[in-house]
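What follows is a single structure, written as structure tokens, with notes after it.
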There are 2 protein chains.
Amino acid sequence: MLDDRDRKLLTLLQRDAEASVTVLAERVALSVSACSRRIARLREAGYIARQVAILDRRAMRVPTTVFVMVRTTRHAADWLDAFRRALADIPEIVEVHRLTGHYDYVLKMVLPNVEHYDTVYKALVGRVELSDVSASISMETLKDDSALPTGFA
Amino acid sequence: MLDDRDRKLLTLLQRDAEASVTVLAERVALSVSACSRRIARLREAGYIARQVAILDRRAMRVPTTVFVMVRTTRHAADWLDAFRRALADIPEIVEVHRLTGHYDYVLKMVLPNVEHYDTVYKALVGRVELSDVSASISMETLKDDSALPTGFA
DNA sequence: TGTGAAACTATTCCGTT
DNA sequence: AACGGAATAGTTTCACA
């Protein structure tokens, strides 16, 4: 489906989507028109979902990351609805997954400081019943890629 | 530092950085040139770090997410160097944080399927000594925002 | 800040391999 | 079926009011 040039283009675009088609064309040894067509095709075929601006965490004054592991006793539909609505309403919660294993969910939070965790915690437990909430503060980010591996497509 | 228009612009750009300045200008009730200048300023001042393409997980054939909690007995500099190098070399590992609490690190992996976890696990433990590795598979993604809250800047 | 012209960038068309 | 070159269309930036 994808050849090496496509994969390389995707790798480049995942790093920097502002690069001009002229520069991208050079990097994959292709003419500007052919490169433009390939990018359009990758978008059309659904490989490229969208293009977004990545903001600076420090500049936005939300340098702190906290991971929260959560268990719940209630698994009924109404509980889940309330949970989903709470997640949608709290912008500090940027990522949530339902997991296998001891805990039911992981939440990733992006906060101005560690103290602010309490605010989000209260907002959350005020809306849904939770048991066994365990927060871990990120002391250091060793890797944070928005780029997916391109080797499998 | 930032006014409502800046924050709205950042919110829009975090969702879709391809929107033309003309469209963005309309959404914040500003002329095209003024809007263009504001965006340039936000970039200049370091609020906007970069612009990237977000690829589709299904299309890229890496639909599976696994979170791995890790403990280690070795905390010396040489171990950490080896760990860092391993993380840099394994593209399936997209995010790693050093944590407070029982576990030392969380790793987020992006994989073609659950079975592939074993490959990455072996690649990792083959390079660094780890104790107490606990993998949790994401059964469902309830939220996955690349957007940061804009309310704190 | 807004308007309009100039500069630049990207896309489409078309002939070719 | 895909490429490269040239024309077209669109977008951003600049000078100036």
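Chain A is the first sequence line, chain B the second, and so forth, proteins listed ahead of strands; every chain is numbered from 1. Only this structure's heavy atoms are used, side chains among them; waters, hydrogens and symmetry mates stay out.
To the nearest angstrom, C1' of C:dA10 lies 13 Å from CD of B:Glu18. Look at CG on B:Leu30: it is 8 Å from C1' on C:dT1, rounded to the nearest Å. Separating the CD atom of B:Glu26 from the P atom of D:dT12 is a distance of 12 Å, rounded to the nearest angstrom. For the pair A:Leu42 CG and D:dA2 C1', the interatomic distance rounds to 14 Å; values are reported in whole Å. In this entry the distance linking CZ of A:Arg5 with P of D:dC3 reads 7 Å, nearest Å. Whole-Å rounding puts the A:Gln51 CD to D:dT11 P distance at 14 Å. If you measure from atom CG of A:Leu9 to atom P of C:dA10, you get 13 Å, rounded to the nearest angstrom. For A:Arg43 and C:dA10, the CZ to P distance is 12 Å, given to the nearest whole Å.
Transitive grouping of hydrophobic side chains (ILVMFWY, heavy atoms separated by less than 4.5 Å) keeps B:Val52 and A:Leu10 in distinct clusters.
Across all strands shown, A:Ser20 has heavy atoms under 4.0 Å from sugar-phosphate atoms exclusively, and none from any base. When heavy atoms are screened at a 4.0 angstrom cut-off, A:Arg38 is found touching the sugar-phosphate backbone but no base atom.
The phosphate of D:dT12 (OP1 or OP2) has no side-chain N or O of B:Arg37 nearer than 4.0 angstrom.
Nearest nucleotide to the A:Val21 side chain, out of C:dT11, D:dT13, C:dG2: C:dT11. Considering only the side chain of B:Ala34, C:dT1 comes nearest among D:dG4, C:dT1, D:dT12. Distance from the side chain of B:Ser31 is smallest for C:dG2 among the nucleotides D:dT12, C:dA10, C:dG2.
Atom OH of B:Tyr47 is separated from atom CG of A:Asp56 by 10.0 Å, given to the nearest 0.5 angstrom.
Residue A:Ser33 places a side-chain atom within donor-acceptor reach of the base of D:dG5, judged by atom type and a 3.5 Å distance cut-off alone.
Side-chain N/O atoms of A:His97 and B:Glu140 include no donor and acceptor closer than 3.5 Å.
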Legend entry - side chain to side chain donor-acceptor pair (under 3.5 Å) between B:Arg57 and B:Thr65, intermediate numbers included: CA-CA 10 Å; B:Arg57 292 277 296 267; B:Thr65 303; 2.5 Å; yes
Legend entry - Residue pair A:Lys143, B:Glu95: steps toward the side chain to side chain contact (heavy atoms under 4.5 Å, CB included) verdict: CA-CA 5 Å; A:Lys143 188 171 186 176; B:Glu95 198 173 338; 5.9 Å; no
